[in-house]
There are 2 protein chains.
Amino acid sequence: MPQAEPPRMRGKVRSARSIPSLHGLTEMAARERAYHDLRYRILTGRLAPGTTLLETELAGLLSLSRTPVREAVIKLEEEGLVEVRPRHGVTIKALSLQDFANILDTYSALEVRAYELVAARGLTPEQTRLLERMVEDMETATATGDIARWSDLDDEFHAEIVSLCGNQRLQTALNAFWGQQYRARMMILPLRPLPDESNAEHRAVLDALKLGDRDLTRERQNAHRDRADKQQLELLRRSLGSSGLA
Amino acid sequence: MPQAEPPRMRGKVRSARSIPSLHGLTEMAARERAYHDLRYRILTGRLAPGTTLLETELAGLLSLSRTPVREAVIKLEEEGLVEVRPRHGVTIKALSLQDFANILDTYSALEVRAYELVAARGLTPEQTRLLERMVEDMETATATGDIARWSDLDDEFHAEIVSLCGNQRLQTALNAFWGQQYRARMMILPLRPLPDESNAEHRAVLDALKLGDRDLTRERQNAHRDRADKQQLELLRRSLGSSGLA
DNA sequence: CTTCACACCAATGTATACATAAGCCGACCG
DNA sequence: CGGTCGGCTTATGTATACATTGGTGTGAAG
């Protein structure tokens, strides 16, 4: 899980983070194309959870041979997005409430550590300015009630900080888990209350980062994630009553 | 990185954790065989860091065709154990001091979270007994100066606790990072001082776990990892002066 | 009617064949 | 003598062919 994905994607479909636009997709190598294309379709719901496809069908879908598709599927399986059952094809994984909780737990543990590292390294003036501006933008979005935009900015904010941590392996692991929680996040997006608490917590965390205070950063970010995770779990619980599919 | 490796391996070569004995290796499917075989050779140093082999050579080495070998190599690359450079073959990665630090950082963040989860879930009497006995065994090994045995027990102790956390994704991620730090750990093994501090900390952590006190567990385990990680980094620094290869 | 067994089929896992493109070497030109 | 251009070699990436194995369906027996 660690260590992969050097190719930085541009483009923005939903989040700046890691859903590529599929824009320059034709010029990619076949395996990468298969991987990104399938990941995109899964994360955006174009391939719904529960869907099962044979390797041959996937290959047909992407107009490729089975070989690169298979390799892409292996990666997706390691990321936890699909399940392959040897004689039954690959199934797009549904997320149970428990799955979502597990993912958030792991993701948060990693993210808090990333923040700690950033605090220890310190912020440059430019980085500080950028992050402050993002916080302001989120507050603006909140004020105008644009939750979708807020969510995107939130992703960018977290991703921006994580990108400063200087630990590539940690970042790669974070990206994988981020991909897993993405669908559930999108699902509960419309249910979210105005994120005033998050905005305040972001400011608090940013202050701790600016101070370069590692312990304070850990404490605050940990609290932020804890609260946010619990809230999201609650929303998801309501939104699917523990049935399954995310 | 999350989510993989259901097949529980038996056998013990060095650690109970995740270096399979390669014992029933012949009856495995080719891809799995390639993966486990290569991983084994890398972790035990039979394939030294820096070694570069072509896909064809690997295939020959394992008496397989390139296809399953290639798939295994993809997994190993995602785990960060090898690097593939498109026209230059796959290279067994060396670990720099910085790499090792990054791995430990990530690993520790995950492990602490796993411990927290165990604390929250609570220990059964049997689990408590087992863990207490392991602590005692470690103390015995320390008393007799058997550092290698202590190290194995330490691995087992940590692995045992992690296995109780109830979060499969977290465990899988931990296993991947564990594999990465294994070589460096083995390398500095003979340099380690008597682990009296670790023994005391293990007791303290176990006490916190028995109390089911999540915050206390986090605090203590975090302190334990912090200290142990720093110590290991220092040993590694001494042992290779920042040259590279681990 | 239910259950067990056998045979057939098809999907995967593996091997191989082929195309592409990158590195390397040599030759030629400046 | 050095640098650059071009062709050749070869490793990889992809496609395809083949074998294996497990699942399913049918039929017969209890």
Side-chain angles (χ1 to χ4, degrees), chain A residues 3-7 9 20 22 24-39 42 47 50-93, chain B residues 3-7 9 20 22 24-40 42 47 50-79 81-93:
Chain A
Q3 202 71 314
E5 284 312 283
M9 312 259 44
L22 290 247
L25 187 138
T26 50
E27 71 222 26
M28 271 194 261
R31 192 208 330 179
E32 299 257 296
R33 202 168 92 216
Y35 171 75
H36 288 295
D37 193 340
L38 289 177
R39 189 165 191 266
I42 294 168
L47 277 176
T51 309
T52 295
L53 292 163
L54 270 21
E55 286 187 0
T56 317
E57 297 176 302
L58 283 173
L61 189 63
L62 306 178
S63 305
L64 292 167
S65 78
R66 274 178 52 220
T67 311
V69 171
R70 211 178 134 74
E71 292 176 354
V73 165
I74 289 175
K75 287 180 85 170
L76 293 170
E77 183 183 27
E78 301 214 322
E79 275 183 43
L81 289 176
V82 304
E83 176 181 6
V84 333
R85 282 178 314 163
R87 288 264 147 188
H88 300 264
V90 329
T91 304
I92 314 301
K93 270 207 195 168
Chain B
Q3 202 71 315
E5 284 313 281
M9 311 258 48
L22 290 246
L25 186 140
T26 51
E27 70 221 25
M28 270 194 260
R31 191 207 332 176
E32 299 257 296
R33 203 168 91 215
Y35 171 74
H36 287 295
D37 194 340
L38 289 176
R39 188 165 191 266
Y40 175 78
I42 293 169
L47 277 176
T51 310
T52 295
L53 292 164
L54 300 171
E55 286 187 0
T56 317
E57 297 175 304
L58 284 173
L61 189 64
L62 306 178
S63 306
L64 292 167
S65 79
R66 275 178 52 220
T67 311
V69 171
R70 212 179 132 75
E71 291 176 353
V73 164
I74 290 175
K75 287 179 88 169
L76 293 170
E77 183 183 26
E78 302 212 323
E79 276 184 43
L81 290 177
V82 305
E83 176 182 5
V84 333
R85 282 179 314 164
R87 286 261 145 192
H88 299 266
V90 329
T91 303
I92 314 302
K93 272 208 194 169

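Proteins come first, then strands; the chains are lettered A, B, ... in the order of their sequence lines, and each starts at number 1.
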Worksheet item: Per the atom types in the model, does the base of dT12(C) pair as donor or acceptor with the side chain of T56(A) at under 3.5 Å?
Response: no
Discussion item. Please find the pair of heavy atoms, one from T56(B) and one from R66(B), that lie closest to each other, and give the distance.
Written reply: OG1-CD, 4.1 Å
Practice prompt. Starting from P on dT12(D), measure out to CD on E32(A) and report it in whole angstrom.
Written response: 17 Å
Practice prompt. Could you say whether T67(A) or P86(A) is positioned toward the 5' end of DNA chain C, judged by the nucleotide with the nearest heavy atom to each?
Written response: P86(A)
Worksheet item: Does a distance-only test, which skips hydrogens and angles, find a donor-acceptor pair under 3.5 Å between the side chain of R85(A) and the base of dG22(D)?
Response: no
Worksheet item: Does S65(A) or R87(A) map to a spot on DNA chain D nearer the 5' end, using the closest nucleotide for each?
Response: S65(A)
Worksheet entry | Spacing between E71(B) atom CD and dT16(C) atom P, to the nearest angstrom | 15 Å
Worksheet item: Which part of the nucleic acid, if any, lies within reach of R31(A) when heavy atoms closer than 4.0 Å are counted: base, sugar-phosphate only, or nothing?
Response: sugar-phosphate
Worksheet entry | Distance, rounded to the nearest Å, where R66(A) contributes CZ and dA15(C) contributes P | 14 Å
Discussion item. Given dG13(D), dT12(D), dG13(C), identify the nucleotide with an atom nearest to the side chain of L54(B).
Written reply: dT12(D)
Worksheet item: Side-chain contact, heavy-atom cut-off 4.5 Å: R39(B) with K75(B)?
Response: no
Worksheet item: Does OP1 or OP2 of dG13(C) have a side-chain N or O of R70(A) closer than 4.0 Å?
Response: yes
Fill in: H88(A) side chain, from C-beta outward: closest of dT14(D), dT24(D), dA17(D)
dT24(D)
Worksheet item: Heavy atoms, side chains only, cut-off 4.5 Å: are R33(A) and L64(A) in contact?
Response: yes
Fill in: Length of the line joining R33(A):CZ and dG13(D):P, which is rounded to integer Å
16 Å
Worksheet, complete the sentence: Taken to the nearest whole Å, CD/E55(A) to C1'/dA10(C) is 13 Å
Discussion item. Within the 4.5 Å heavy-atom criterion, are R31(A) and I74(B) side-chain neighbours or not?
Written reply: yes
